[in-house]
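Source: prediction; values computed, not measured. Within every chain, numbering begins at 1; the chains are lettered A, B, ... in the order of the sequence lines, protein sequences first and strands thereafter. Any value given below was found using the heavy atoms of this structure, including those in side chains, with hydrogens, waters and symmetry copies removed.
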Protein chains: 2
Amino acid sequence: MSDDRDVAPEGGVGDLEGSVGYALKLAATALRVALDRDLRALELTVSQYSCLEVLGQRPGLSNSELARATFVTRQTMNEVLRGLQARDLLTRPATATSGRSRPVELTAAGRRALAEASAVVAAVEQRMVAALPAGRRARFLEDLRHCVQALG
Amino acid sequence: MSDDRDVAPEGGVGDLEGSVGYALKLAATALRVALDRDLRALELTVSQYSCLEVLGQRPGLSNSELARATFVTRQTMNEVLRGLQARDLLTRPATATSGRSRPVELTAAGRRALAEASAVVAAVEQRMVAALPAGRRARFLEDLRHCVQALG
DNA sequence: TCTCGTATGTCAGGCCCCTGACATCGCTGT
DNA sequence: ACAGCGATGTCAGGGGCCTGACATACGAGA
């Protein structure tokens, strides 16, 4: 107690270096930065790519459904959609056939952009996964899911 | 090629469920949300907590040094510091003794807030780590570091 | 039928974080 | 001595994400 250095409050976090949460944040940040950098060449943000990717696999989803699928609020997704729609990467009917939800569809340009972006993202992921010792990937994935489940 | 479903572009991402990057993003998001929620009771954001935590372990750091330590830009850290200073959780000399950098110090209230926040964060981390099978924590940490290294 | 709850789209305001730009200050090589 | 360079603090602008709030549209139950 004679020096502040290396002294953590009781029940506190302690050293950051050994913290799983800290390492998790760092890894996620590194991933986001790498994706941001590589996607910038395509004029796409990570959020926009996520939207396109989900839409490519599940065409016709509404704003709210896309928001749930990408884990953002529908307000946020609304803005993302507006940006992509302004660039003619997707279309929405002007009026809803039922209720207020309108199905979102990729345009041809949207599918092209998705294909390019998907390749870029896959390359980054490949670079990351390649750094993991062989055979540990499955366990790593499982551990990540355990974390999500414990926190959700 | 007869159906869009389950058909990934060549070289694309493919299914999201098996993607390490996707799982990593989910885990980091879950962590951030959990921290946000629990820190809200203390009127602290995650960024503010990060700043306090680093400052507690390394008092006297300047704005730019804190920014580097928490992996944000100095502009961002500048705003975080201003918020914390307005609440009297830290102090900065009005004028620099040399150059332009001014050492930041926690106040007594700042140390109290840090102690509370650190306990909250430790509890969240504990909840997360407890979900990992025994003995796998070290390897998980190592894998996360491998990811960071491969991307940085 | 009419009301209530639920889901949806949207606007407003705010926080976090970024890039770009600028002024200031110390150091260094000429 | 001085011009150039690097680091620092700060302002301006923008994007992403959030919560809160509101209006609208559908469906279930009294």
Requested in this report: Can you check each nucleotide of nucleotides 10-17 of chain C against protein heavy atoms at under 4.0 Å and return B for base, S for sugar-phosphate only, - for none, in 5' to 3' order?
Outcome: BB---SSB

Nearest whole Å is fine: how far is [N] [atom2] from [X] [atom1]?
X     : N      : atom1 : atom2 : value
A:M77 : C:dG9  : CE    : C1'   : 14 Å
A:L81 : C:dG9  : CG    : P     : 9 Å
A:E65 : C:dA7  : CD    : P     : 12 Å
A:R68 : D:dC18 : CZ    : P     : 14 Å
A:Y49 : D:dG16 : OH    : P     : 16 Å
A:E43 : D:dG15 : CD    : P     : 12 Å

Go through the structure and list residues passing side chain to side chain contact (heavy atoms under 4.5 Å, CB included) with [X], not counting sequence neighbours.
X      : value
B:R32  : B:T29, B:D36
A:Q48  : A:L44, A:T45, A:V80, A:L84, A:R87
B:D88  : none
B:A138 : none

**Report entry** Contact list for residues 72-82 of chain A, test salt bridge (Lys or Arg N to Asp or Glu O under 4.0 Å), sequence neighbours left out
**Finding:** none

Report task. Give a yes/no on whether any side-chain N or O of A:S64 is located under 4.0 angstrom from OP1 or OP2 of C:dG9. Result -> yes

Query raised in the report: Does B:V148 share a hydrophobic cluster with B:F71, counting links as ILVMFWY side-chain heavy atoms below 4.5 Å and allowing steps through other members?
Result: yes

